[in-house]
Amino acid sequence: MEKALGSLPVVAAFGRRLAIAATIDELCPVRDVAIVTHGEVIEALIANRLTSPTPLLRVEDWARSWAVPEVLNVSADALNDDRVGRALDAIAPQLDAIVGTVGAQAIASFGIDVSRLHWDMTSISLYGDYDIVDEAHVQPRYGKPKDRRPDLKQIQTGLAVSGDGGIPVLHRAFDGGAGEVNQVVGAMEALRAMAGERRFLLVGDSKLISYENVRTFSDAEVTFVAPASKSYVPAEVLAAQDRDAAVAVDYVAERDEPRNASERSVYRVAEDTMVMTGPRKRDPDIELRRVFVWSSARAGAAEHARAKKLDRARSDLGRLERGLGSRHYPNTDAVTARVTQIGRDRRVAAYLRADIGTDERGRPTLAWRFDQAALDAEAATDGWYALLTNLDVTDVDAGEVLRRYKGQEVVERRYGDFKGPLAVAPMFVKSNRRIAALITVICLALLIFSLIERDVRAAIAPERTMVGLYPENRPARPTGRMILAALASMRLIPARRGAPPVVPRPNDVQMRLLRLLDVDPTARLH
């Protein structure tokens, strides 16, 4: 009877290069009589995430139908729910050490360039009450979930992703209610330890910026780029920028590469400096470069969004006018409440002006308009945003600051993989200790997923696409999702009657991917 083989040989090969099981077994040893080590269990869980990302229940059933004993040398019976839980409990106290060691191994073994690292955080919703939690590990809390499920508690996760291939070299789990701005310094210190003597640029979103963070960066000689929030660069400062005086930047967004030059987004930059003051009088002032960026894509999107919300508000207000004096809007209080609701829901309160009164018969009246001056003031900021950085102006001009920042989308793409192919939906685990460990399992799976993608892309360079990943053979740029899907149909015939296990010949696309990844699916079979 055949078993599913899929990408198991590739996952196992990359796991060995990263020394995942060896690292865990050194940090979390088991007794000599143990049938399977904690490292072997975690490696199997990582393979499970990459080949069959369903809820982590009855992993042994997956292991029986897949070639797990043959490829990973772990029996299916050893992956029962109790053993999986004990492995998660065992690694929980050592997560920082595991993540740091494996990340450093990835940098060394795969030659990852960490001169530019992108940091961001996201939330993972949790089912369950979690009234009793282990204080030594991340705490489920209500917060501001990215999936818009405020009814669920959450845990937050931070990723540091390399500009080279989008490799998540570091991750951290945080309490559900932790403020993002307060987690940056800890991540930076962990990255410095991992990078060793290498200097790196830290790129993030506006949560990267606070006086304490910036001062710590300066003291640690870490450079950074991040967009400024309105508290640092208010709207009137953006509105005062002169687009015609700004300098055009030779930058093409990845989404624009297939388009004609006339259809591509245009970017312009201008810069000055700003002084950041500390919360205490004795705090030294910090001077930063402030790079103003104008994007035609952003400008067009802002104009379109504003027109859309104005149209919707007009429609709502029109219905309200037609219903004046009805049972729904019998008096001025009801009309005022509805106008306020429209302004809030359609996000037009900043420029909606309404006069509400009564006529000679006592019926409510309404006269409204959109304040053109307020609309013009908002339109003046369309397309503009500001970047703050401590990069040396003599080494990096304003255009290059923009180019380095634009790689930030890579961490957002990895979060898409984190919650997409690896199936991190709202989850239910018995304890927060195991939640923290499971997040590390998923992030280590994401590390392998990303390295597979990077290696294939590097192997086909200078070509950017290959055929066979889409059913209709259209050329496609390889992604981790496409590569794993292409390998998914590989099978294995288990050993029987003294004959060794056999891998039926993979198809042409699978053979090419295996060559590009330098993986022999028949090697190390047990």
Side-chain angles (χ1 to χ4, degrees), residues 96 116-123 135 138-139 141-146 150 154-160 170-195 199-241 270-293 350 377 381 384-393 396 398 401-402 404-405 408 411:
D96 286 352
R116 189 177 82 242
L117 295 166
H118 298 266
W119 171 259
D120 197 10
M121 289 176 60
T122 193
S123 61
E135 296 295 331
V138 292
Q139 310 292 303
R141 294 280 189 270
Y142 292 109
K144 297 179 180 179
K146 302 295 173 63
Q154 65 176 19
I155 290 292
Q156 297 186 83
T157 303
L159 281 183
L170 178 82
H171 71 267
R172 285 284 186 272
F174 302 104
D175 292 352
E180 291 188 32
V181 71
N182 298 322
Q183 316 310 320
V184 174
V185 169
M188 182 212 70
E189 291 172 346
L191 289 169
R192 287 184 71 203
M194 181 182 295
R199 297 286 299 274
F200 62 87
L201 169 69
L202 186 60
V203 184
D205 62 13
S206 60
K207 304 298 192 306
L208 199 76
I209 303 297
S210 73
Y211 177 84
E212 294 299 334
N213 287 351
V214 170
R215 184 175 178 181
T216 302
F217 296 153
S218 299
D219 292 344
E221 297 184 343
V222 169
T223 52
F224 73 91
V225 177
S229 66
K230 292 180 180 179
S231 60
Y232 292 108
V233 181
E236 55 267 25
V237 175
L238 295 177
Q241 300 308 306
E271 79 166 289
D272 64 9
T273 60
M274 66 166 282
V275 174
M276 181 178 283
T277 58
R280 298 170 294 271
K281 288 185 178 180
R282 67 177 182 273
D283 291 331
D285 291 346
I286 303 175
E287 185 174 272
L288 297 175
R289 294 173 65 189
R290 185 166 59 176
V291 175
F292 296 99
V293 181
T381 68
W384 286 103
Y385 59 97
L387 301 174
L388 299 182
T389 184
N390 61 353
L391 284 165
D392 193 324
V393 68
V396 180
V401 171
L402 170 65
R404 296 188 185 188
Y405 167 70
Q408 181 67 5
V411 70

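On a predicted model such as this, the values are computed, not experimentally measured, just so you know.
Here the CD-CD distance, from Gln241 to Glu271, works out to 11.5 Å after rounding to the nearest 0.5 Å. A distance of 12.5 Å separates CG in Asn213 from NZ in Lys207, rounded to the nearest 0.5 Å. With rounding to the nearest 0.5 angstrom, the CE atom of Met121 is 13.0 Å from the NE2 atom of His171. His118 NE2 to Tyr405 OH: the interatomic distance, rounded to the nearest 0.5 Å, is 10.0 Å. Residue Leu391 holds its CG atom at 6.0 Å from CZ of Arg404, rounded to the nearest 0.5 Å. For the atom pair Ile209 CD1 and Thr389 OG1, the distance stands at 8.5 Å (nearest 0.5 Å).
In this structure, Ser218 contributes its side chain and Val214 its backbone to a donor-acceptor pair below 3.5 Å. Checking side-chain atoms of Arg215 against main-chain N and O of Ile286 turns up no donor-acceptor pair under 3.5 Å. Checking side-chain atoms of Thr273 against main-chain N and O of Leu288 turns up no donor-acceptor pair under 3.5 Å. Side chain of Asn390 to backbone of Phe224: a donor-acceptor contact under 3.5 angstrom is found.
The nearest pair of heavy atoms linking Met188 to Phe217 is SD-CD2, 3.4 Å. Minimum heavy-atom separation, Tyr211 to Tyr232: N-OH, 3.9 Å. In plain terms, the two heavy atoms of Gly204 and Pro227 that are nearest each other are O-CD, 3.2 Å. Among all heavy-atom pairs drawn from Leu208 and Val225, the shortest one is CD2-O, 4.0 Å. Heavy atoms only, all atoms of each residue included: Leu191 and Ala160 are closest at CD2-CB, 3.7 Å.
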Worksheet entry | side-chain contact (heavy atoms from CB on, under 4.5 Å) between Glu236 and Thr381, intermediate numbers included | CA-CA 8 Å; Glu236 55 267 25; Thr381 68; over 6 Å; no

Item to complete: Go through the steps to decide whether Val291 and Leu402 satisfy the test side-chain contact (heavy atoms from CB on, under 4.5 Å), and finish with yes or no.
Response: CA-CA 8 Å; Val291 175; Leu402 170 65; 5.6 Å; no

Fill in: Verdict with reasoning, Val185 to Glu212, per side-chain contact (heavy atoms from CB on, under 4.5 Å)
CA-CA 9 Å; Val185 169; Glu212 294 299 334; over 6 Å; no

Worksheet entry | Full working for side-chain contact (heavy atoms from CB on, under 4.5 Å) between Arg290 and Leu388 | CA-CA 5 Å; Arg290 185 166 59 176; Leu388 299 182; 3.9 Å; yes

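Taking the six-membered ring where the residue is Trp, Trp384 and Phe292 present perpendicular rings, their angle passing 60° and hence far from 30°.
A salt bridge does not link Asp392 to Arg289: none of the charged nitrogens lies less than 4.0 Å from a carboxylate oxygen.
The side-chain heavy atoms of Leu238 and Val233, taken from C-beta on, include a pair separated by under 4.5 Å.
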